[in-house]
Amino acid sequence: MKRLDLVFSERELDAIIKALEIAEVPGYTVMKHATGRGPQTIVSEDMEFTGLGANAHVIVFCEEEVLEKIKTNVSPTLNYYGGVAYVSEAIEL
Amino acid sequence: MKRLDLVFSERELDAIIKALEIAEVPGYTVMKHATGRGPQTIVSEDMEFTGLGANAHVIVFCEEEVLEKIKTNVSPTLNYYGGVAYVSEAIEL
Amino acid sequence: MKRLDLVFSERELDAIIKALEIAEVPGYTVMKHATGRGPQTIVSEDMEFTGLGANAHVIVFCEEEVLEKIKTNVSPTLNYYGGVAYVSEAIEL
Amino acid sequence: METNLFLQNVLTPPVLFFFLGIIAVIVRSDLEIPAPLPKLFSLYLLLAIGFKGGIELEKSGLGGKVFPTVSAAIIMSLVIPLICYVILRLKLDVFNSAAIAAAYGSISAVTFITAESFLESQNIPFDGFMVAALALMESPAIIVGLLLVKLGAPKNRPNAKVMKWKAILHESMLNGSVYLLLGSLLIGFLTAAHNPVGVDKMQPFTGKLFYGAECFFLLDMGIVAAQRLPGLKKAGSFLIAFAVLIPLLNAGVGIFVAKALMLSRGNALLFAVLCASASYLAVPAAMRMTVPEAKASYYISTTLGLTFPFNIIFGIPIYMGLVNKIIPSIT
Amino acid sequence: METNLFLQNVLTPPVLFFFLGIIAVIVRSDLEIPAPLPKLFSLYLLLAIGFKGGIELEKSGLGGKVFPTVSAAIIMSLVIPLICYVILRLKLDVFNSAAIAAAYGSISAVTFITAESFLESQNIPFDGFMVAALALMESPAIIVGLLLVKLGAPKNRPNAKVMKWKAILHESMLNGSVYLLLGSLLIGFLTAAHNPVGVDKMQPFTGKLFYGAECFFLLDMGIVAAQRLPGLKKAGSFLIAFAVLIPLLNAGVGIFVAKALMLSRGNALLFAVLCASASYLAVPAAMRMTVPEAKASYYISTTLGLTFPFNIIFGIPIYMGLVNKIIPSIT
Amino acid sequence: METNLFLQNVLTPPVLFFFLGIIAVIVRSDLEIPAPLPKLFSLYLLLAIGFKGGIELEKSGLGGKVFPTVSAAIIMSLVIPLICYVILRLKLDVFNSAAIAAAYGSISAVTFITAESFLESQNIPFDGFMVAALALMESPAIIVGLLLVKLGAPKNRPNAKVMKWKAILHESMLNGSVYLLLGSLLIGFLTAAHNPVGVDKMQPFTGKLFYGAECFFLLDMGIVAAQRLPGLKKAGSFLIAFAVLIPLLNAGVGIFVAKALMLSRGNALLFAVLCASASYLAVPAAMRMTVPEAKASYYISTTLGLTFPFNIIFGIPIYMGLVNKIIPSIT
Ligand SMILES: Nc1ncnc2c1ncn2[C@@H]1O[C@H](COP(=O)(O)O)[C@@H](O)[C@H]1O
Ligand SMILES: Nc1ncnc2c1ncn2[C@@H]1O[C@H](COP(=O)(O)O)[C@@H](O)[C@H]1O
Ligand SMILES: Nc1ncnc2c1ncn2[C@@H]1O[C@H](COP(=O)(O)O)[C@@H](O)[C@H]1O
Ligand code: NA
Ligand code: NA
Ligand code: NA
C-alpha cells in the first residue's frame, strides 16, 4: 500500500476530492485549517477569514496502481494553484 | 521505529486512547476535526454539530513490538465502528 | 526525499519555524490544535485556553542534506521544552 | 387563510435566513459557517430555551396541564417510533428501520424554537412547560428504537454488537444536548424560585439575543440541510415520501391528542411540532454507537435534509391551520 | 479643526481597540484571536449591516437619491480600477497591476462600518441605502480587474489559465461575503415591509450588540493588519506610496461626485470611504482563482496592511474635513 | 448566617452552571464546549471587565483609596508567593515550589467576576478600581516566582535553561490576558473621559451581555475543572490540602489588610478574593517557558482543579462571612 499526502489551498478542496473520486480511491482523510509555506506562497492563519483560505492536508491510503490515476487528475490543479503531493510506503496494521 | 496512523470517528477517541495506553505506547498525537470518506461512511464538517462527530487522526511513533499489542487492542473498535490504521517506517531525527 | 514530522507545543512554533527557515527548508506545513501525550507531558484540548497552549504538528518534505541542519537547529528547543521529531522516506507524486 | 399563514411564516427573519442558507448551496456560493461556530449557536439555543422554560415552569407551577401534557408527550415519543417502524419495515431492514423510527419519535429543538417564534409573531400565547415536554421526548424514543433492534435483529448478530443496557441508557439520558437542555431547565427553575435578580440579569443573554442568534443558526441549518440533499436522492423515493408524509401524520395525531388534553392553541401547535419533528442531535449519536449497521446517511438525510426544512417552511403553517380548524373554541 | 476631528475619531472605542491590536503585534504580546472567531465576527457584521440597511432602504423607499447614488457607486467601482491600473503598470506587470487595481475598486465593509460609527458619534445623519452601494461595489471591480488581465496578458499565457467567464461571474457575484450582505439586505427589506415585529425582535442582535462586536473585530483586525507589515516592506516603496496616496485621491474624487449628486454630508463621507477603501475579502478570493500569477502578498499587504489602517485612523477624519469644506451648504 | 450566604451564592445562575459543568464530567455526559469557544468567552470577559473597570476608574478618579488599594494588592502579590514557597518547599523541589507559589500570588479573573456578581446579587456596592488591582497582580507574582527559581535552583542547572530577564519581563507584562485586561482598562478610561456616547453604545455588549456570557463560561470552567481532578489525585494529599487551605489563609490576611485600608465591605471581599485566587492563564504560560522543570500538571491541577472551584463554591460566601464579621462598621 501507498500513503499519499497532499497539501494545497482549502479553496481547491472540492476539485481535488473530485479528482480523487474519479481515480477511485478507496477513501481519504481531510484536515483543514493547515497553514504553511511553499516555494510560492505563505499561508497564515488569518488568511482563513480573508477570502484566500488556509490550506487543506489530505491523506490517501491506496494501492500503487491508483497513484498514477491520481497524478493525472490532480496535477493540473496543483500546478495551476500550487500545492505539494508526496508518496510514502504504508502497510495496513 | 514505526509510525502508526489511525483515522476513526471522534466519538471513539477515548476508547482508542485507552487501548493505546494499555499497549503501553510511548506517546501519541491527536488531531480532531478531520473529515473524510472510507469504504463505509462519509464524514463531513457539519457532522460535528450533529451528534455524529467528525473524525480523529491519531499518530503513534513506537517500536515494532508495540504494534502487535496495539493491533489486538484497537481492532475490535475499528471493526465495529469503522476506521483505518496504517503503518510506515520512521526513524528519530 | 525525506518527510519530517515534528510535534511540540504551539508556544514554540515561532522558534521552530525560524529554525526551519535558517536550515533553508523548501517549505513546511503546520497543523495547530493537536493534543497528545509524550514521555513528559499530557496536552489536552482545554490547555489551549489556559496559557499552556496545545501542540503543533509540522510536516517538512525536504532533501536528506537539509535534515542535518534542521536537527542542529531544532534540537535545543525540543530538548528544552519537549516534543518529538521523526523522519520517513517520501517521493514526490 | 392557509396561504396567508404560509406567507406569515415565510416572511419572518428566521425562515428567510433559512432560505438564504439553502439558496447559498443551490447557487454554489462559498458562504460557509465553519466549525465549531454552529456548535456555539446550538449550545446557546439549548441553554437559552432550557433556562427560559425553567423560569416559566416555576411561574406556572407543576400543577394544571403540566403533568398530563408532559406525560402525553412522552407517550407520543414511545408510540411514534412503533408506527414508523412498521411502515419502514415495508422496505428497509431492521437496523435502518429502527434507527429512523427512533429519530422520528424524538424531536428537533430548532423546529420547536421556530414554532415558538411563529406563535410570538402571531401573538398566540403558549406555555413554558412545553420545553419540559421537549426535553423529555428525546430519551424514550432512543430506548424504543434500541428495543426494536433487540427484538428484530437476526440471532446471528456478531457478539461484539450485543448492546449493553447501561451504555444505552447512558447515551440516551446523558447525551450532551439532552443534558444541557434539562440542566438549564432546572437552573432556570431554581433561579426563578430563589434569585429573581438573576432572572433579570440573564434576560439580555437568554432573552433579547435569542431571536437574532436563532436567525444566524437557521442560516447555517439551511446550508447544512441543503448539503444533505444529494444523500437524500441515494436514499430513494420511499424514504423521501416517508420524510414528508410522516411529519404530517404525526402532527395530525398530535393535534387530536392536544385537543383531547384541551391544550390552548399555542400549546397544541408546539405539541404537533414535537410529534412531527425528528432528531438529528441525540438520536444519531445514540444510533451510531449502538446500531452501527444502520446507515447514518439514511437517518441524517431524511431528518435533516427533508423533514427539518419541510417542517420549518411548510409544516408549521399547515399545523397551525389544522389547529385553528380542530381546536378553534379553546382560543 | 482637523486635528480635532482626528482626535474625535481616534478616541472612540473601535479605533482604540484597533490600536490595541496593532500595538499587541508591535510589542510582541501573545494576544491572539484564534480562527474561526474572526470569521464569526466578520459574518455577524455583514449580516447585521445588511439587515439594518435593508430596513432603512424599505423606510426611505427606492426613489429619491437612492438610484443615482447607487449607480454612481457602481460607476466608481468600474472607473477606479482603470485609474489604478494605469498607475500600477508603471512598475508592475499586468497580473499584479490588475489584481491590485480590482482590490481598490472594491470596498472594505469594516472601514464603512467604522465610518458609520464615526458619523454617529458626531451626530451626523446618513442613509441606509448607502449599504446597498456598499454591497453593489464588490462585483463590478472584480470584473474590470479580470477584463484588464484578459486584454493585457501576454498571448502565450498557458492554456490552463484561460479564464472561464462563468466561473468569474460566479466568483464575483456569489462570493460568500457579497452573498451574505446582499441576502441580509433583502431580508431586512422584506422583514421591514411584512413583519415589523421581526424588526424589533432582531434589534438587540443586529442593533444593540453591533458596536461592541465591531470593537472586538477591530481588535483582531489591528492584529491582522500589523502582521501584514513585514510583507509590505518586501512589496517596496512604490506600493507603499500607492497604498496611502490612492485612497486620498479616490476619496477626493468621491467627494466631488457626492457634491455633484448633492448628497448629505453623512452620505458624502460614506461615499468617499467606499471609494477610498480596498477589498481584502471578495477580491482576493476571486483574484487567487483567476489570476494566480498575481502575488497574493502584494494585494493583501497593501489593502490590509496599509490602506485599511490608514483609512481607519487618518482617512476617515481627513475625508470628513474635506467633506465639511467642499459640501458645507448641504448640512 | 453563613449557610445562608452559601445558599445565596450557590443558587445564582453562574454557580449553578458551574455545577452543571462539573456534574457533566462526573456522570460522563458527552457535553463539551469545543476549542476555541472557551477562548472566545475568556477574551470577551477580559475585554468587558477591563472596559467597565476603566469607566469606573475615570468616574472615581485616581485619588482616594485607589492608590493605597492598588499598592496593597501589588504588595500582596509579592508577599503571597514567598509564604507559599516556604510552605511548598516542605515537600516539593525548588522548581515546582516556585511555579505553584507564583500561581497563588497571581489572580483568577473568573473568580473575581463571580465575586462581583455575588456582590451585585447581595446589593453590596464595590468600586471599579478593584479591576486595576486585578490587572496589576499578575506580573509581580510571576517575577517573584522566577526570582525564587534563580536563587534556589541548583548551580548545575543546564546552561540552556538560564533565564533571560528580558524574556521573563516580556512574558509577565505582555502575556495576552494581562495585555488585553490592561488595554481594555485604558480604553474604558479614555472613552469615559472623551466619548461618553461610546460608553453608552458599548453598554449592551460589555454590560448587559456580561452575566449570561459569564454563565456560559462557567459551564465550561466546570467541565475543565472537573477534568483536572484525576491529575489532582496524582499530585498527592499535600498539594490537595495546600490548594484548599492556602486560599483560606490568603483571604484571611487579605481581609485584615482590607480592614487596615478601611475598604468598604464590597471592596474588601474583592480584595480577599484576589488574594485567595490563583492564576491558570498568565502564570502557567510564563512558568512553562522559564521553568520547564516544574510539572505543569501540578500547578494546573491545583489552581484549576481545586482552588478555583473551591473559591467559586465555598470561598466567596466564606470570605463574605468573614468580611461581615471583621469589617461590619464600614458598611
Ligand atoms: N516542502 C514542503 N514541505 C511541507 N509542506 C509544503 C512544502 N512545500 C509546500 N508545502 C505546503 O504546500 C502549500 C502550498 O505550497 P505552494 O506550492 O508554495 O503554493 C504550502 O502553503 C505548504 O503548506
Ligand atoms: N483509504 C483511506 N485513506 C485515507 N483515509 C481513509 C481511507 N479509508 C478511510 N479513511 C478514513 O477513515 C474514516 C473511517 O472510514 P470507514 O472505515 O469508512 O468508517 C473515513 O472517514 C476517512 O477519514
Ligand atoms: N511516541 C509518540 N508518538 C506520537 N506523538 C508523540 C509521541 N511522543 C510525544 N508525542 C507528541 O509530542 C508532544 C510533546 O511530547 P513531550 O516530549 O512529552 O513533551 C506530545 O504532547 C505528543 O503530542
Ligand atoms: Na417527533
Ligand atoms: Na474602493
Ligand atoms: Na492570589
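The figures that follow rest on heavy atoms only: side chains count, while hydrogens, waters and symmetry mates do not. Naming convention: chains lettered A, B, ... in sequence-line order (proteins, then strands); numbering from 1 in each chain.
For the pair E/K208/D/K208, no side-chain contact is recorded, criterion being any heavy-atom separation below 4.5 Å from C-beta on. The shortest side-chain heavy-atom distance between E/Y44 and D/F216 falls under the 4.5 Å cut-off. Between D/D30 and E/L174, every side-chain heavy-atom pair lies at or beyond the 4.5 Å cut-off.
Summarising the geometry, atom CD belonging to E/Q203 is positioned 13.5 Å from atom OH belonging to D/Y211; distances are rounded to the nearest 0.5 Å. Distance check: E/H194 NE2 to D/T12 OG1 gives 12.0 Å after rounding to the nearest 0.5 Å. A distance of 9.0 Å separates CG of E/L37 from CG of D/L40, quoted to the nearest 0.5 Å. The CG atom of E/L186 sits 8.0 Å away from atom CG of D/L16, with the distance rounded to the nearest 0.5 Å.
Proximity to chain E (any heavy atom under 4.5 Å) is shown, for D/F210, by neither the backbone nor the side chain. Looking at E/L209, the atoms closer than 4.5 Å to chain D (heavy atoms on both sides) all sit in the side chain, from C-beta outward. With a 4.5 Å cut-off on non-hydrogen atoms, E/F51 touches chain D through its side chain but not through its backbone. Both the backbone and the side chain of D/I23 come within less than 4.5 Å of a heavy atom of chain E.
Interface check for chain D: of the options E/G176, E/A285, E/S177, E/A35, the most heavy-atom pairs under 4.5 Å are formed by E/G176. When the candidates D/P34, D/S121, D/P204 are compared by the number of heavy-atom contacts under 4.5 Å with chain E, D/P34 comes out ahead. Put simply, of E/L43, E/V197, E/T191, E/I187, the one with the most heavy-atom pairs under 4.5 Å next to chain D is E/I187. Listed options E/N195, E/L190, E/T206, E/V199 were ranked by heavy-atom pairs under 4.5 angstrom with chain D; first place goes to E/N195. Heavy-atom pairs under 4.5 Å with chain D peak, among E/G198, E/A48, E/A193, E/G188, at E/G198.
Checked by atom type and distance alone, the side chain of E/H170 pairs as donor or acceptor with a backbone atom of D/R28 at under 3.5 Å. No side-chain donor-acceptor contact under 3.5 Å links E/Y179 to the backbone of D/L31.
Here the shortest heavy-atom pairing between D/S117 and E/K201 reads O-NZ, 4.1 Å.
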